[in-house]
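Okay, structure first, notes after.
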Amino acid sequence: MSAHDHFSLAAARPDFAAIAAWIPPGASVLDLGCGDGSLLRYLQDTRKVRGYGVEIDDLNIVACIQNGINVIHGDLESGLSGFESDAFDYVLLSQTLQATRHTEPLVQEMLRVGREGVVSFPNFGHWKARLNVIRGHMPVSDELPYQWYDTPNVHLCTLHDFESFCADLSLQILDRRVMTGGSEVHLLPNLLGSMAVYRFKRAA
Amino acid sequence: MNTSNSIGIVSAQRAHFDTPLTFQSGAVLPRYDLVYETYGTLNAGKSNAILVCHALSGHHHVAGYYADDPKNVGWWDNMIGPGKPIDTRKFFVVGLNNLGGCHGSTGPSSPDPETGKPYGASFPVVTVEDWVESQARLADMLGIRQFAAVTGGSLGAMQALQWSLSFPDRVRHVLAIATAPRLTAENIAFNDVARNAILTDPDFHGGNYYEHSAVPVRGLRLARMLGHITYLSDDVMADKFGRELLSGKPNYGYGIEFEIESYLRYQGDKFAAYFDANTYLLMTKALDYFDPARKCGDDLDKAFAVARANFLVLSFTTDWRFSPERSRTLVKSLLHNHLNVSYCEITSTHGHDSFLMQHTHYHEVMHAYLERIASEFSE
């Protein structure tokens, strides 16, 4: 992948750059629901990580192999029993949290196999989503491109929801980036941010 | 026959080795021959070689066909050839008949130069480690210091795995398909029943049936029938044969009535007509003994600590003889050792035999991975 590709990829997926900024060079990374392997490839090229992806879709597995990343066929819903405890520095869940059915056990599993967890998800508290609901419709946007009847998203949440979820699970939030269209949002993040990335660990 | 992407006409070669080979059992084979085929061209850097190891009943004829026998197509022809996943325009492919085999390499049916008679029962029991040792000598002879990849399915994949342990710096990639890091007790049990069918055949003569001009056909046929059942899946048997009766109605006797009976007997007869019973015994023993963890206190993680290769591990959903669970155990140990590994469980109805079948997703995964290997030496 060329530097230009990395630039356009980071522009298309602003959470990638945010995640990469948190990952020190040479770290070991497990990317859950790694899709075609773009994020891992990006982290391999820019941060020299030692990484593995987990993916369930046949076509994505082929794409991962073409992308030159390690991919392990697996279903996140059945846990991470194929991975040893404390095997990774970081376990990533990029734009997948909201589509997982067993969300709570999965987040627990992330912190069993990894030292820190990183998740990114669309913010259901974004003003556009709220406006849609006030107008009487389920939200459809760049971040939430599905209709109510064909969405894979079963566990959508707001920033507030995720933060209280972390508190309930005794997880310590280490870092947060909230974005809209690639720019960082500092003011009223739960209202103005369309996407969020969190880094967290088990509370000491 | 579709010859458009076949490697075309191939021919076998024979290599003779005079350096004695000491087997894991302690037995010594003073000299031996290995029969092999090669496809494609070894590049100047000798970095594009792929070794294909065969499974229980396989041999060196892996791809293409013979000029004088065009119907005799190699056993993995759908995988190897120009434009196929193992692309012979990019790779130099080596296939051999393993020691103990019955397709030309030195084995129980070959004449022992000491006595002039076939080795028979005196041919030493061969292990996967012994095979890999002999394969390394063939590689030396061919001028290949390091294979780009070693691959195979089932028992063939065990050899590929063993390469990463016996010669960590001589293999860059291991493609291990439909295999296991060791057989389960159930799996050994199937092999033992197969062996017993042969060993108790009155025509076996303690393994020296050659000098009695006999062949333990009944035992070999039974062994193959049993094996064949375990290589298929319930689904594929139901789909292919179901409960169809040959004559359309029951005859209330013990003749061949169901389609599946007819099929199994046909497979058994076909196999017994060309395969050597002693070789069958040896091959199943090699399967049973393969257990790299054993020397490391039953710790597979420790066994793979010496490995340096990159791995592609593939399993098939309906393979109950070498189940996906067995492959996942292997993957876990590779992960433990921080090795590069990709794993894919292919959805297929064909059971253990899936690794030999034309299957779109399976071949796409292989193609993608082999492209990656090719890009390493073409850059």
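The two atoms that bring B/H361 and A/V62 nearest to each other are CE1-CG2, 3.8 Å, heavy atoms only. The shortest non-hydrogen separation linking A/N70 to B/R372 is OD1-NH2, 4.1 Å. Between A/Q66 and B/A368, the closest heavy-atom pair is CG-CB, 3.8 Å.
You'll find the side chain of B/D301 reaches within 4.5 Å of the side chain of A/E84, heavy atoms only.
No more than 12 heavy atoms of other residues, nucleotides or ligands lie within 6.0 Å of CD in B/E186, so this atom counts as exposed by the packing criterion. The number of heavy-atom neighbours closer than 6.0 Å to CZ of B/R145, taken from other residues, nucleotides and ligands shown, is above 12. More than 12 heavy atoms of other residues, nucleotides or ligands shown are found within 6.0 angstrom of CG on A/D175.
Within residues 336-349 of chain B, the residues having any heavy atom closer than 4.5 Å to a heavy atom of chain A are B/H336, B/H338, B/L339, B/N340, B/V341, B/S342, B/Y343, B/C344, B/E345, listed by residue number.
In this structure, chain B has no heavy atom under 4.5 Å from any part of A/S28. For a residue to count as touching a neighbouring chain, one of its non-hydrogen atoms must lie under 4.5 Å from one of that chain's; by this rule A/I72 touches chain B with backbone and side chain alike. For B/V331, the part lying near chain A is the side chain, with the backbone staying farther off; criterion is any non-hydrogen pair under 4.5 Å.
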